[in-house]
Visitor: 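Just dropping this structure here.
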Amino acid sequence: MWRIARFAAAAEAAVSVRGARWFSAAIPGPCIVHKRGADILHDPWFNKDTGFPLTERDRLGLRGLLPPRIISFEQQYDRFMESFRSLEKNTQGQSTKVVSLAKWRILNRLHDRNETLYYRVLIDNIKDFAPIIYTPTVGLVCQNYSGLFRRPRGMYFSAKDKGEMMSMIYNWPSQQVDMIVLTDGSRILGLGDLGVQGIGIPIGKLDMYVAAAGINPQRVLPVMLDVGTNNVRLLQDPLYLGLRQPRLEGEEYLNIIDEFMEAVYTRWPKAVIQFEDFQMKWAFETLQRYRKRFCMFNDDVQGTAGVAIAGLLGAVRAQGRPLSDFAKQKIVVVGAGSAGIGVLNMAKQVVTRMTGNDEIQASNPFWLLDKDGLVTRNRKNLDPAASPFARGNPEAEGLMEGASLVEVVKKVRPDVLLGLSGVGGVFNNECCSWLLQRKEDFVFNQVQWFRAVYFLASKSHAKRLLLDNVPNVQSINQVLAAMRESTSSRPAIFAMSNPTANAECTPADAFKYAGDHIVFASGSPFEDIHLGNGKAGHVNQANNMYLFPGIGLGALLSGARVISDGMLQAASECLASYMTEKEIQDGILYPSISSIRDITKAVGAAVVQEAVDEELAEGHGDVGSKELIHMSKDEILEYVGRHMWFPVYSPLVHEK
Ligand SMILES: NC(=O)c1ccc[n+]([C@@H]2O[C@H](COP(=O)([O-])OP(=O)(O)OC[C@H]3O[C@@H](n4cnc5c(N)ncnc54)[C@H](O)[C@@H]3O)[C@@H](O)[C@H]2O)c1
Ligand SMILES: O=C(O)C[C@H](O)C(=O)O
Ligand SMILES: [Mg+2]
C-alpha cells in the first residue's frame, strides 16, 4: 500500500515550514583561525575583504594590508549585485554562451575570493544563479574547462595515484568533511565523456548542497577520479588537463574506486558520498558494490527517480484522480540508461506497494525505449537492468521489438511520456524519416540537407533550422501530436535530459503540438509559455536538485550507516506532498526553486525520520541515536534547521 498516512504527515510538516524564515538558523559563534595577515586575506573561507572590523585587523595582523575604510557585509553584497546587474546590461545582445560564461566567471571569482559573500548572494538569488553555477551553464563550463581553469577546487585522484590515496586524502586542508560528490567524468549531463573536465559537476552539486541544505562549505569536497577518457578530441587536445590515456576498465577501474572509498572512510568515517554522472555500467555496479557498506547514493539513479516519481504523482493529482491510480498510468520512458532505469525501478516499487502485487508483468504499465527502439524480451543481448521492463508480448498490442517512439505513442496512448535519453529533440524524431521522404522538395541546398539529417537526432539547433525553413512543420512533430490521443485528461510530458539543448523537446513544442492541457517538465530551466488568452503553460523543472541536497543532509544528520530505499522513498514522498491542490491544478508539480532551502529542510527531516524508524540512525555530533528516537516530527524539523549553515561573517579568533 502507498503510505497515505505518512504522505499526509509529510505534507503537514512541509506546509508548516513553508514561508518560515530560514535565516533564523543559529548565528555561528567565533571561528578559530590558525593563520594571520595576508594568509587570511588569501583564504576564501575566512576572507572578509574590506569587511574586517578594526579590532580584527589588529588581532590578525591585517592593519595596513587593506584600505582603511570598513565596508559592511550588506554594502559588499549590494556592490557585487550591482556589478552583476551591469554585466547583464553590458552583455545584452551577445550569444547565450558568451553571457552565461561571463556570469559564471564573475560568480566564480567571488567564490575563489570570499566564500561567505559568495554563498550569501547565491542563497538570496538562487533562482537567477542556479542556472549559472549549476545546470545548464555548468555543462558549458565543463566543456571549456581547460581554457577556464585558473585555480584548482576539490581533489583529483588519478589512475597514476594507485597505492597513494590513503596518504593523499590527508592533503585536504579541512579537518572534517561531511559531503563528498564524486565523478569519473564518463557521462557528464547529456554531453558524454568529458574526462577530468567533469569536475565542474561535483563543484556545482556541492554549491547546491551549501545553498539548499546548509552544509558548511568548509566541510564539502568535490572529487574527480581521473581514470582516463575515451573522448578522442580531448586526448588529442594539447591543453587537456587530465590523464591522456583510454579509460581503465574492469578490475583495474574498480580497484581505483575501492582504494578511494577506503581512504575517504578512514579519514572521515561519517562522510556521505554522492556518486554523480558515471556511465551506466559503473553507476549500477558501484551502487551495488558500496551501498551496503558505506553511506552513499547515486544521484542520477536514485535522486532522479525520486524527483520524477514526485512529479508523476503530481500529474495523477492533476487529473483529479486518487494517488493509488499511479499504478494505472501507462508510462513510456525514452532512455534505458542509469536515469531511465532508476526511474522505472522506483516506479515499480511504488506500483508494487500500491497494488500489493510483486509481479508487474501481468499488466506491465511500462514501455521502455532506447536508441534501438522499444525494448522487448525478443531483444538480443537484453541488458539485465532493462529486462524487468522489457515488453513480454508486444505483438498483442500491435508493436514489435525495436518499434519507433511514434509507433509506441500512437499504439499505447500513454498517460506519461518521459525522456531521459540525452538526445535533444528526440520527441520530434520523425524529422529524419520525414526529411528522407522530402529530399527533393527541400528548400536548402543539398549540403545543408545532409547536415540537417546528420545532426537531427542529437542537435536541437538543426531542428530549429528546419522549423524556420520548412513549410508544414506540423508533420515533423508526430510524437508530440500523438500525445493528443493520450487516454489521460492531463498527459504528462517530461523532457528531463540536460543541458538545455539535450531536452527531448522544448516546452513551446510540447504545448503547441500536444495541447494546452498537458503538464510539462524539463530537466533544465525554461521560461513558462504564453498560451494566448492570458493563459500560461507552466514549465516545471524536474531536476534532481530538489532531492539530493535533502537526501545528503538527512543521511548526515541521522548518522545512518547506509542510505536505504525507504529513506529515498521518504524524500520523494515529502517532495510530492509539498504542493497544494491549487498549484497542482495549475500544472505546477514542483515548488519554486526560490524555496529550495525550505524544501530541503523538509526533505532532510523526512529522511532523518525514516532512518530513525528503520533503526539506521546512529546520531550526529552530540545528538545520539537515543535522542533522535525521542524527537517528535517538529523537533526533528527544528534539529535539521538548526544544523543548516548560513553565511554571515563570524568573529575570527587567532590560535597558533
Ligand atoms: N533531470 C534530471 O534530474 C536528470 C537526472 C539524471 C540524468 N538526466 C539526464 O538524462 C540523460 C541520460 O542520462 P543517463 O545517465 O541515463 O545516460 P545513459 O547514457 O546511461 O543512458 C542514455 C540512454 O538513452 C538511450 N538513447 C540514446 N539515443 C536514444 C534515442 N534516439 N531514442 C531513445 N533512446 C535513446 C540510450 O540507449 C541509453 O539507454 C542525460 O542527458 C542526463 O543529463 C537528467
Ligand atoms: O546535473 C543535473 O542537472 C541533473 C542530473 O544529475 C544530470 O546528470 O543531468
Ligand atoms: Mg547527474
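Bear in mind the structure is a predicted one, so any value in this text is a computation, not a measurement. For ligands, and for the atoms within them, numbers begin at 1 and follow the listed sequence. If you read the sequence from its start, that first residue is 1, and numbering goes on from there.
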Visitor: Flag the pair Arg317 and Glu583 as a salt bridge only when some basic side-chain nitrogen lies within less than 4.0 angstrom of an acidic carboxylate oxygen.
Guide: no

Visitor: Restricting to under 2.8 Å, identify the protein N, O or S atoms around the Mg ion (ligand 3) as residue plus atom.
Guide: Glu276 OE2, Asp277 OD1, Asp300 OD1

Visitor: Tell me whether ligand 1 is touched by Leu420 - counting only heavy atoms on the residue side and a distance under 4.0 Å.
Guide: yes

Visitor: Give the atoms of ligand 1, by number and element, whose distance to some non-hydrogen atom of Ala339 is under 4.0 Å.
Guide: 6 (C), 7 (C), 14 (P), 15 (O), 16 (O)

Visitor: Before giving the answer on side chain to side chain donor-acceptor pair (under 3.5 Å), spell out for Asn543 and Tyr134 the whole-Å C-alpha distance, their side-chain angles and the decisive distance to 0.1 Å.
Guide: CA-CA 11 Å; Asn543 189 295; Tyr134 185 69; 2.7 Å; yes

Visitor: Looking only at heavy atoms of Asn502, does any of them come nearer than 4.0 Å to an atom of ligand 1?
Guide: no

Visitor: Just to be sure I understand the cut-off, which residues have at least one non-hydrogen atom under 4.0 angstrom from an atom of ligand 2?
Guide: Tyr134, Thr135, Arg187, Leu189, Lys205, Glu276, Asp277, Asp299, Asp300, Asn498, Asn543, Asn544

Visitor: Going by heavy-atom distance to atom 31 (N) of ligand 1, choose the closest among Thr135, Val426, Asn498.
Guide: Val426

Visitor: Pick whichever of Ala542, Gly335, Ser186 has a heavy atom sitting closest to atom 1 (N) of ligand 1.
Guide: Ala542

Visitor: Any idea which atoms of ligand 1 are less than 4.0 Å away from a heavy-atom of Gly337?
Guide: 16 (O), 18 (P), 20 (O), 21 (O), 23 (C), 38 (C), 39 (O)

Visitor: Quick check on contacts: which atoms of ligand 1 are under 4.0 angstrom from a heavy atom of Gly190?
Guide: 40 (C), 41 (O), 43 (O)

Visitor: Does atom NZ of Lys411 have more than 12 heavy-atom neighbours from other groups under 6.0 Å away?
Guide: no

Visitor: What pairs of donor and acceptor atoms, side-chain ones from residues 412-420 against any protein atom, are under 3.5 angstrom apart with sequence neighbours left out?
Guide:
from	atom 1	to	atom 2	distance (Å)
Arg413	NE	Glu485	O	2.7
Arg413	NH2	Glu485	O	3.3
Asp415	OD2	Lys330	N	2.6

Visitor: Considering only heavy atoms of Met280, which atoms of ligand 1 have at least one such atom less than 4.0 Å away?
Guide: 20 (O)

Visitor: Distance from Phe366 atom CZ to Asn345 atom CG, nearest 0.5 Å?
Guide: 9.5 Å

Visitor: Quick check against the 3.5 Å criterion: does Gln279 have a side-chain atom that pairs as donor or acceptor with the backbone of Arg187?
Guide: no

Visitor: Just heavy atoms, cut-off under 4.0 Å: does Asp370 contact ligand 1 by side chain, backbone, both, or neither?
Guide: both

Visitor: Is there a donor-acceptor contact under 3.5 Å linking the side chains of Asp184 and Tyr253?
Guide: yes

Visitor: Which is it for Gln279 and ligand 1 at heavy atoms under 4.0 Å: side chain, backbone, both or neither?
Guide: neither

Visitor: So for ligand 1, is Val334 a polar contact partner (N or O within less than 3.5 Å, distance only)?
Guide: no

Visitor: Out of Phe297, Phe275, Tyr209, which residue meets the ring pair (Phe, Tyr, Trp, His ring centres under 6.0 Å) rule with Phe548?
Guide: Tyr209

Visitor: Determine yes or no for a side-chain-to-main-chain donor-acceptor pair under 3.5 angstrom, with Thr137 supplying the side chain and Ser100 the backbone.
Guide: no

Visitor: Which atom pairs, donor and acceptor, lie under 3.5 Å between side-chain atoms of residues 331-338 and protein residues at least two apart or in another chain?
Guide:
none

Visitor: A side-chain contact here means heavy atoms from C-beta on lying under 4.5 Å apart; do Val539 and Glu527 qualify?
Guide: no

Visitor: Using a strict cut-off of 4.0 Å, indicate which atoms of ligand 1 neighbour a heavy atom of Asp300.
Guide: 6 (C)

Visitor: With no hydrogens and no angle check, is any side-chain donor or acceptor of Arg597 less than 3.5 Å from a backbone partner on Ile599?
Guide: no

Visitor: Might you work through the salt bridge (Lys or Arg N to Asp or Glu O under 4.0 Å) test for Arg153 and Asp207, ending with a clear yes or no?
Guide: CA-CA 12 Å; Arg153 181 172 292 281; Asp207 270 354; over 6 Å; no

Visitor: Pairs of nitrogen or oxygen atoms closer than 3.5 Å, one from Val423 and one from ligand 1: do any exist?
Guide: no

Visitor: Less than 3.5 Å apart, any donor N or O on the side chain of Ser497 or Glu504 sitting next to an acceptor on the other?
Guide: yes

Visitor: Evaluate the ring planes of Phe294 and Tyr290, with Trp represented by its six-membered ring, and classify them as parallel (under 30°), tilted (30 to 60°) or perpendicular (over 60°).
Guide: tilted

Visitor: Do Asp372 and Lys380 meet the salt-bridge criterion of a basic N to acidic O distance under 4.0 Å?
Guide: no

Visitor: Ligand 1 and Ser338, any nitrogen or oxygen pair closer than 3.5 angstrom?
Guide: yes

Visitor: If you measure every N or O of Thr304 against every N or O of ligand 1, does any of those distances drop under 3.5 Å?
Guide: no

Visitor: Over 60° means perpendicular and under 30° means parallel, so tell me whether Tyr118 and His111 are parallel, tilted or perpendicular.
Guide: parallel

Visitor: Number the atoms of ligand 1 from 1 as they appear, then name those within less than 4.0 Å of a heavy atom of Gly523, with their elements.
Guide: 1 (N)

